[in-house]
Amino acid sequence: MDAKADPVIHADIRAAYRNRAAEYTELLGNIESTHQADRSLIASWAEGMDGLIIDAGCGPGQWTNFLKDCGASVEGIDLVQEFVHQAKERFPDVAFRVGSLDALGAADESISGILAWYSIIHLAPAETASAFKEFARCVRPGGGLLLGFFDGPAIEMFPHVVAPAYLWPVDELSLVIAAAGFEVLESHRRVDGAHRPHAAIVARRIG
């Protein structure tokens, strides 16, 4: 990841997660801590992939390993070296490396899909276009994109427990995705008690 692809916000996010990587992994790094509906959606999405999937912003690697267990060819990428180290130790049969959302380190149109599960939430709205442009560069025509994020009535920053994050209305994030070269196929919303509203978007690379 070169300096051009590493703005100040990346340094802030990296530092925040480095300081809490072990805690995060202990609390949220197991697939059992995830929602069954999310596991079903991601597994169903992965069935349509016939090449490499990148888990962009993989954290401690639980979703990357889940995709591998689903039979997918997958690689996890994260900005935080501590997460990558933990993921390699916990899931030695899965590939992990350091990278950022706007510098995935993949060749043009070389991958079949990208899972970005709660990894775009810390990007300021003005930075999301750069990430989706990079996603579009790497995903081959017809390939897939699956996002998980916090749903909200307006684009709004809130004090996430690790680092400031953003709520996104599904319709507005869909426009950003479409502008990058993806066709939005479906969206999902869920509210779980005291948790912030969840949303997911499934899209296909146009080309």
Ion pair present between D38 and R190, side-chain N to carboxylate O less than 4.0 angstrom?
yes

Taking C-beta and beyond as the side chain, do V170 and F149 meet within less than 4.5 Å on heavy atoms?
yes

Would you call the rings of H198 and W117 parallel, tilted or perpendicular if under 30° counts as parallel and over 60° as perpendicular?
tilted

Just checking, any donor-acceptor pair under 3.5 angstrom between side chains of S40 and Q36?
yes

Can you tell me if D55 uses its side chain to pair, donor with acceptor, with the backbone of G76 under 3.5 Å?
no

Is a side-chain donor or acceptor of S33 paired with a backbone partner of N30 at a separation under 3.5 angstrom?
yes

Does F96 form a side chain to side chain contact (heavy atoms under 4.5 Å, CB included) with V94? I'd like the steps, not just the answer.
CA-CA 7 Å; F96 296 96; V94 185; 3.5 Å; yes

Looking only at heavy atoms, what is the nearest atom pair of L52 and E75, with distance?
CD1-N, 3.9 Å

Heavy-atom check, side chain of L123 versus side chain of L101, under 4.5 Å:
yes

Under 3.5 Å donor-acceptor, E109 side chain and R137 backbone:
no

On the six-membered ring of F182, is R204 placed so that its NZ or CZ lies under 6.0 angstrom from the centre and within 45° of the ring axis?
no

List the steps, then state whether side chain to side chain contact (heavy atoms under 4.5 Å, CB included) holds for W168 with T128.
CA-CA 11 Å; W168 274 91; T128 57; 3.7 Å; yes

With a 3.5 Å distance limit and no angle check, can you tell me whether S119 reaches the backbone of A56 through a side-chain donor-acceptor pair?
yes

First locate atom CD of Q62, then atom OG1 of T34, and finally report the distance between them rounded to the nearest 0.5 Å.
7.5 Å

H85 atom NE2, neighbour heavy-atom count above 12 within 6.0 Å:
no

Once rounded to the nearest 0.5 Å, what's the spacing between atom SG of C138 and atom CG of L145?
11.5 Å

Hey, are Y166 and H122 close enough side-chain-wise for a donor-acceptor pair under 3.5 Å?
no

Transitive ILVMFWY side-chain link W45 to I31, under 4.5 Å
yes

